[in-house]
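Note that the structure is a prediction, hence the values are computed from the model and not measured. So that the names make sense, note that chain A is the first sequence line, chain B the second, and so on, each numbered from 1.
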Amino acid sequence: MTKNILERRPRSIDLRRKIFDRFMLGVLGFFAVCAITPLVLVVGFLLFKSVPFLTLDFFINTQAPLGEEGGGMFHSLLGTVQLLVIAILLGVPAGILVGLYLSEYPEGFWPKWVRFCADLMTSIPSIVIGIFVYGVLVITMGGFSLLSGGVALAIIMIPLVTRTTEEVLKLVPQHVREAGLALGISRWKVTVMLILWGSRKSVITGILLAVARVAGETAPLLFTAFNNNMVSMSLTQPVSSLPVQIYTYAITPYEEWQTQAWIGAFLLVALVFCINVAVRMSMRSRLVQT
Amino acid sequence: MEKTLGSTQKAYHWLYEWIKKYQIEVRRSDRIFYTLVHFFSILFFLLLCLLVWELYSLSRPAITEFGSQLFLSKDWNPIDDNYGVLAFIFGTFTSSLLALLIATPVSIGVALFLTEVASLRVKKLFSFLVEMLAAIPSVVYGLWGLLILAPFIRTHIQPFLQNIFGEEFFLFQGPPIGVGLFTASLIIAIMIIPTIASLCREIFETVPRLQKETALALGATRWESISLGVLRASVSGVFGAVILGLGRALGETMAVTMVIGNRNDIALSIFAPAQTMASVIANEYNEASGLHLSSLAFVGLALFLISFSMNAFARLIVYRYTLKFRAKV
């Protein structure tokens with residue numbers, strides 16, 4: 001009585017390949033877990049080292065002398081907001097305009113070259129941009145300042161905003177533009193008031209992502225905005241910022257300041273996470289609507 | 001009735017007609033928009049040129065003073081005003097290559113897992129987590145590396161390896177400090193995994209399903225269909241993704257500065273403190289002046305050129321890879 005093919009035992013060569021197959025798929029899963037583990041470790045230690053020490057003082061006070069209670073990083077939080085405001089004011093209009101250029105006149109040598117340059121500028125090490133702004137602004141102004149820090153962050157932001165704006169505007173189908181032109185609307189009005197305004201949600205999403213990226217930049221601020229122990233509202237004085245203050249505290253040997261660094265890092269990561277999650281949720285709701 | 005025109009008026013008229021022939025837009029408001037938008041794009045390009053020029057002019061004193069010695073000497077001496085960047089080039093490349101060695105298999109594994117193996121819910125969760133890994137700022141990784149990872153390596157990893165391989169094994173020798181080339185490479189690897197993994201994911205998703213289905217039809221196991229159908233077809237694309245990751249690794253500053261130990265010298269042990277191009281700038285720029293500052297600006301210029309060419313090379317490879325799957329007319 002010969003068994004049919006479904007009842008015969010598998011031969012050893014099949015078993016070997018089967019085992020290897022299961023093993024390699026397990027290896028893939030293992031690598032995926034390996035990639036996620038650092039995230040869990042970093043966020044876990046962040047929460048563990050910062051949340052037990054969160055006090056209101058942190059948000060209200062500025063730096064206290066070593067050994068005294070109640071020190072905070074209010075000056076850094078304010079400084080980051082100041083820097084981001086200047087970066088947005090300088091970087092977003094320029095970025096959107098170049099993005100408009102790349103989406104409206106996409107053919108030809110010059111747009112291709114600008115696109116290539118924008119792509120490459122997104123991956124320049126940010127410390128090199130810090131050196132550039134140092135040479136151009138800090139030396140001319142004679143000192144570190146909020147303005148030069150803001151300009152450095154704006155230079156990092158411009159290629160990011162350009163690329164996302166261009167991608168977003170390209171998604172609008174061509175017949176919308178043609179319909180606008182057919183109705184007799186000027187071309188610039190079609191571009192700005194129909195296309196750009198129509199996709200303002202996605203453009204703002206792109207801007208928010210760029211802001212999240214730029215909020216965590218430390219290296220270009222090290223020698224443009226430098227650091228400050230107090231709150232400063234002047235454009236020409238150095239200003240503290242959250243990442244720089246985290247760095248300054250982290251390399252000191254004092255427990256209290258290291259704890260402040262952990263809390264600051266927790267706030268920074270929370271800010272970046274919130275922006276990213278908000279962006280994702282808004283993208284998902286738009287997909288559901290269409 | 002023709003008016004007789006003088007020669008300058010004729011020239012202006014000719015110029016006006018010439019401009020009108022080549023203008024793109026007809027309405028005046030459109031022409032203003034066109035000019036504005038083109039002007040800003042030219043400004044953007046000029047910004048890039050200004051950047052290169054400024055770096056060059058800041059580093060010119062060092063170049064004229066030291067010439068090729070800048071590249072070939074590893075002496076970095078602010079006291080004697082003698083500078084050579086070899087130690088930083090060594091540190092940068094060693095830490096980046098070590099990081100690539102660690103990150104590449106993991107990234108390819110994650111990308112394959114997400115495109116081939118994972119179910120929809122798992123895929124959503126894991127891709128979200130990998131993107132969050134990319135969103136964490138560099139300084140937070142540095143903080144974690146300095147205060148958590150470095151002590152761990154100092155108390156557990158380095159003595160363990162030294163016990164196995166012997167105290168004087170050249171790769172692992174040195175007192176356990178925790179900060180050094182190995183810690184920096186590990187942190188850089190963690191930071192470039194999302195970059196390589198997301199690009200690899202895009203590449204694996206564009207491989208035509210026909211390749212995989214053919215392998216399955218011929219009786220391959222699931223892994224064999226992945227390896228023959230997906231991996232083999234996308235080798236050049238994955239190579240481009242890896243080079244892109246290398247470009248990102250070269251430019252990492254803050255996390256590296258905090259965990260690399262900041263020693264301006266070359267040593268063979270992977271646990272030895274070292275210095276990369278980005279970290280020396282971050283460490284010494286603020287107190288530098290004169291020739292020291294100029295040499296640091298030269299390091300910045302070198303970093304810019306290396307990073308620029310790496311990224312251009314990577315994009316060229318990925319672009320040529322995407323050409324492979326376009327419709328053949």
Any side-chain to backbone donor/acceptor pair from T35(B) onto R31(B)? Under 3.5 Å, distance only.
yes
Turns out that what part of F45(B) lies under 4.5 Å from chain A's heavy atoms comes down to side chain
If you count heavy-atom pairs under 4.5 Å with chain A, which of L147(B), V52(B), V117(B) comes out on top?
L147(B)
With no hydrogens and no angle check, just 3.5 Å: does a side-chain donor-acceptor pair link N227(A) and Q245(A)?
yes
Looking at chain B, which one of L120(A), V114(A), L222(A) has the largest number of heavy-atom pairs inside 4.5 Å, strictly under?
L120(A)
Pick one of side chain, backbone, both or neither for E252(B), based on which atoms fall under 4.5 Å of a heavy atom in chain A.
neither
Region of V136(A) in contact with chain B, defined by heavy-atom distances below 4.5 Å
both
For F116(A), is it the side chain, the backbone, both or neither that has a heavy atom under 4.5 Å from a heavy atom of chain B?
side chain
For the pair I127(A) and F223(A), evaluate side-chain contact (heavy atoms from CB on, under 4.5 Å) and give the outcome as yes or no after the intermediate values.
CA-CA 9 Å; I127(A) 199 163; F223(A) 26 85; 3.7 Å; yes
Kindly determine whether E131(B) and R280(A) satisfy salt bridge (Lys or Arg N to Asp or Glu O under 4.0 Å), including the steps that lead there.
CA-CA 11 Å; E131(B) 278 189 37; R280(A) 277 170 165 266; 2.8 Å; yes
Only pairs of heavy atoms separated by less than 4.5 Å count here; which of F44(B), F304(B), Y141(B) has the most with chain A?
F44(B)
From Q258(A) atom CD to I263(A) atom CD1, the distance as rounded to the nearest 0.5 Å
12.5 Å
Specify which of L41(A), V133(A), V244(A) makes the most heavy-atom pairs with chain B at under 4.5 Å.
L41(A)
Toward chain A, the part of T257(B) with a non-hydrogen atom under 4.5 Å:
side chain
Is E104(A) paired with R187(A) through a side-chain N to carboxylate O contact shorter than 4.0 Å?
yes
Check the side chains of S126(A) and E217(A) for a donor-acceptor pair under 3.5 angstrom, ignoring hydrogens and angles.
yes
With a 4.5 angstrom heavy-atom cut-off, which part of I190(B) approaches chain A: side chain, backbone, both or neither?
side chain
Ranked by heavy-atom pairs below 4.5 Å to chain B, first place among A35(A), C34(A), G264(A) goes to A35(A)
Of the backbone (N, CA, C, O) and the side chain (C-beta and beyond), which part of R248(B) lies under 4.5 Å from a heavy atom of chain A, both, or neither?
neither
Ranked by heavy-atom pairs below 4.5 Å to chain A, first place among L114(B), L186(B), V139(B) goes to V139(B)
State whether the number of non-hydrogen atoms from other residues, nucleotides or ligands found under 6.0 Å of F45(A) atom CZ is greater than 12.
no
Under a 4.5 Å heavy-atom cut-off, does chain B meet the side chain of I131(A), its backbone, both or neither?
both
Given that the side chain runs from C-beta out, which part of I281(B) has a heavy atom under 4.5 Å from chain A: side chain, backbone, both or neither?
both
Measure the spacing between CD1 of I153(B) and OG1 of T183(B) and express it to the nearest 0.5 Å.
3.5 Å
Partner chain B: residue of D119(A), V27(A), L209(A) with the largest heavy-atom pair count (under 4.5 Å)
D119(A)
Given a strict heavy-atom distance threshold of 4.5 Å, which part of S307(B) is in contact with chain A: side chain, backbone, both, or neither?
side chain
Under a 4.5 Å cutoff for heavy-atom pairs, which residue among F132(A), Y105(A), Y134(A) has the most contacts with chain B?
F132(A)
So for W110(A), is it side chain, backbone, both, or neither that comes closer than 4.5 Å to the heavy atoms of chain B?
side chain
Proximity breakdown for F266(A) and chain B, heavy-atom pairs closer than 4.5 Å:
neither
So, the part of L58(B) with a heavy atom under 4.5 Å from chain A: the answer is side chain
Full working for side-chain contact (heavy atoms from CB on, under 4.5 Å) between L194(A) and R177(A)
CA-CA 8 Å; L194(A) 279 186; R177(A) 291 188 182 86; over 6 Å; no
Is it the backbone or the side chain of A118(A) that comes under 4.5 Å from a heavy atom of chain B, or both, or neither?
both
Turns out that what part of T122(A) lies under 4.5 Å from chain B's heavy atoms comes down to side chain
Relative to the ring of F20(A), is the ring of W223(B) parallel (under 30°), tilted (30 to 60°) or perpendicular (over 60°)?
perpendicular
Which region of L129(B), side chain (C-beta onward) or backbone (N, CA, C, O), has a non-hydrogen atom less than 4.5 Å from a non-hydrogen atom of chain A, or is it both or neither?
both
Check for me whether the distance between the ring centres of F31(A) and F113(B) falls short of 6.0 Å.
no
Can a donor-acceptor pair be found between the side chains of S294(B) and S59(B) at a distance below 3.5 Å?
no
Interface check, chain A: of I148(B), L293(B), I193(B), most non-hydrogen pairs under 4.5 Å belong to I148(B)
Minimal heavy-atom distance between A249(B) and I188(B), with the atoms involved, is CB-CG2, 3.5 Å
Charged N to carboxylate O under 4.0 angstrom, R222(B) versus E116(B)?
no
Which one, W113(A), W188(A), F30(A), F23(A), leads in non-hydrogen pairs under 4.5 Å with chain B?
W188(A)
For T80(A) and S241(A): C-alpha separation, side-chain torsions, deciding distance, then whether side chain to side chain donor-acceptor pair (under 3.5 Å) applies.
CA-CA 5 Å; T80(A) 296; S241(A) 57; 4.9 Å; no
In terms of side-chain heavy atoms, does T104(B) have a donor or acceptor partner in S107(B) at a distance below 3.5 Å?
no
Could you have a look at A118(B), A134(B), G109(B) and say which one has the most heavy-atom pairs with chain A under 4.5 angstrom?
G109(B)
What part of P194(B) lies closer than 4.5 angstrom to a heavy atom of chain A: side chain, backbone, both or neither?
neither
Quick one: do L196(A) and I96(A) satisfy side-chain contact (heavy atoms from CB on, under 4.5 Å)? Show the steps, please.
CA-CA 9 Å; L196(A) 185 61; I96(A) 291 186; 4.0 Å; yes
Interface residue of largest heavy-atom contact number with chain A, from G247(B), P137(B), S41(B), A220(B), under 4.5 Å:
S41(B)
Check each atom of L250(B) against the heavy atoms of chain A and say whether the ones under 4.5 Å are side chain, backbone, both or neither.
neither
Please classify the contact between M258(B) and chain A as side chain, backbone, both or neither, with a heavy-atom cut-off of under 4.5 Å.
side chain
Using the side-chain contact (heavy atoms from CB on, under 4.5 Å) rule, take L169(A) and L100(A) through it: C-alpha gap first, then chi angles, then the decisive distance, then the call.
CA-CA 8 Å; L169(A) 292 182; L100(A) 276 178; 3.4 Å; yes
L268(A), part contacting chain B, at a heavy-atom distance under 4.5 Å:
side chain
What part of T191(A) is in contact with chain B, defined as an atom under 4.5 angstrom from a non-hydrogen atom: side chain, backbone, both or neither?
side chain
Report which part of T221(B) has an atom under 4.5 Å of a heavy atom belonging to chain A: side chain, backbone, both, or neither.
both
